[in-house]
Amino acid sequence: MPKLVLMDHDGAIDDLLSQLLVLTMSDIELIGVTVTPADCYIEPALESAYKLLQIMGQEHIPLGRGDYYGINAFPSEWRARPEIINALPMLINLPKAPDPYAYRSAPDLIIDSLSAASDKVTVLMTGPCSNLVLALEKAPELKAKIDEVVWMAGAFRVSGNVQTFQHDGSAEWNVFWDPISTKKLVELELPLTFIPLDVTNHVPVTKTFLSTLATQIEYKLSNLTGQFWALTLDTIPGYYYTYFMWDILATSYLAMPEQFKTEVVKAKVSTRPPNAGQTYLDETGYTVKIATDVNSEYFYEYILGQFKR
Ligand code: AGV
Ligand code: CA
């Protein structure tokens with residue numbers, strides 16, 4: 001029996017790469033994809049999501065549109081990247097949207113997919129958690145259908161990656177976009193596994209990785225993903241401007257959990273300045289699992305192997 005997975009992403013380049021990656025995993029059945037308008041503008045991001053389903057021959061998988069906007073907006077230069085993705089030669093001539101032209105609302109698609117699932121579902125989130133929280137507020141009984149939530153978010157024992165006004169730099173962006181929903185999610189005490197900056201800091205997108213990927217571009221997915229990653233290099237160098245395998249690492253957790261070191265901790269979320277969106281350890285907090293380390297060599301090899309098709 002394949003593992004059922006529902007994915008919510010926010011259209012950044014590594015989110016789109018993660019959507020492709022999850023579709024290469026043989027023992028996983030992706031039952032739906034919802035998009036959050038956080039690190040993307042929603043229309044071009046849905047177009048990218050649909051085109052990537054087509055690349056994998058999986059355009060029957062339903063897509064949901066997030067219409068809820070968080071509290072702290074992402075920089076617009078980051079949000080605009082799916083426009084470039086949609087214009088790449090392998091994608092530009094593919095149909096833009098399913099027929100009939102209408103996307104379901106993301107929380108409704110989450111509710112329907114969880115209700116209809118024949119087994120418990122793993123929810124993979126690589127953007128903010130607002131859509132899932134909205135769905136569970138509307139249908140709290142569906143908590144029982146969730147096997148695990150795997151979420152790229154947070155920074156527990158390391159600095160965050162938000163650098164802006166009224167902020168001390170302690171938060172990670174996916175939490176900062178909607179700290180209130182994050183607080184609600186943590187307080188639900190679902191089986192929740194964070195893949196935070198503590199572990200993603202160990203896996204930057206390196207030139208060595210990209211040049212190895214380039215040696216296998218006779219494979220369609222190596223060629224396409226190499227082009228995706230090249231578009232992120234305008235953010236190098238410097239910590240804030242370095243691109244990491246954030247979402248890709250979280251997605252890989254589904255296939256290789258044994259390669260991660262994890263800890264069960266008690267944690268809380270701040271919702272106010274100067275540290276809005278900070279996730280911190282606190283003995284009086286809520287139980288969550290956090291990944292703290294990964295076998296990074298194994299991880300890079302795994303990605304190179306999955307994109308050999
Ligand atoms: O904080 C990491 C999250 C991940 O889900 N995103 C990017 C990944 O999709 C926000 C982010 C942090 N730094 C960024 C980000 C950057 N330099 N460019 C785009 N997005
Ligand atoms: Ca993301």
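One-based numbering, in listed order, for ligands and for the atoms of each. When a residue number appears, it is its place in the shown sequence, counting from 1. As the structure is a computational prediction, the values presented were derived from the model and not from experiment.
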Query raised in the report: Is any N or O atom of Asp15, backbone or side chain, closer than 3.5 Å to an N or O atom of ligand 1?
Result: yes
Query raised in the report: Is there a nitrogen or oxygen of Glu172 sitting under 3.5 Å from a nitrogen or oxygen of ligand 1?
Result: yes
Closer than 4.0 Å to some heavy atom of [X] - which atoms of ligand 1 meet that?
X: Asn161; value: 1 (O), 2 (C), 12 (C)
X: Asp247; value: 4 (C), 5 (O), 8 (C), 9 (O)
X: Asn174; value: 3 (C), 4 (C), 5 (O)
X: Ala12; value: 9 (O)
X: Phe74; value: 10 (C)

Query raised in the report: Just going by heavy-atom distances, which of Asp10, Asp14, Asp39, Leu16 is nearest to atom 20 (N) of ligand 1?
Result: Asp39
Ionic contact status for [Y] with [X], cut-off 4.0 Å:
X: Glu189; Y: Lys143; answer: no
X: Asp119; Y: Lys3; answer: no
X: Glu263; Y: Arg157; answer: yes
X: Lys184; Y: Glu137; answer: yes

May I ask you to identify, for [X], whether its side chain, its backbone, both or neither come under 4.0 Å of ligand 1 on a heavy-atom basis?
X: Leu197; result: neither
X: Thr232; result: neither
X: Arg79; result: neither

Report task. Give a yes or no on whether the ring-centroid distance for Trp229 and Tyr243 is below 6.0 angstrom. Result -> no
Query raised in the report: In Asp10, which N, O or S atom comes closest to the Ca ion (ligand 2)?
Result: OD1
Requested in this report: Kindly give the atom name of the N, O or S atom of Asp247 closest to the Ca ion (ligand 2).
Outcome: OD2
Requested in this report: Say whether His9 and ligand 1 are in contact under the criterion: heavy-atom distance to a ligand atom below 4.0 Å.
Outcome: no
Report task. Take Gln278 and Thr271 through the side-chain contact (heavy atoms from CB on, under 4.5 Å) test and state the conclusion after the steps. Result -> CA-CA 8 Å; Gln278 184 187 11; Thr271 56; over 6 Å; no
Requested in this report: Indicate if the distance from the Ca ion (ligand 2) to the nearest N, O or S atom of Asp14 falls below 3.0 Å.
Outcome: no
Query raised in the report: So, is Thr126 placed with an N/O/S atom under 3.0 Å from the Ca ion (ligand 2), counting both backbone and side chain?
Result: yes
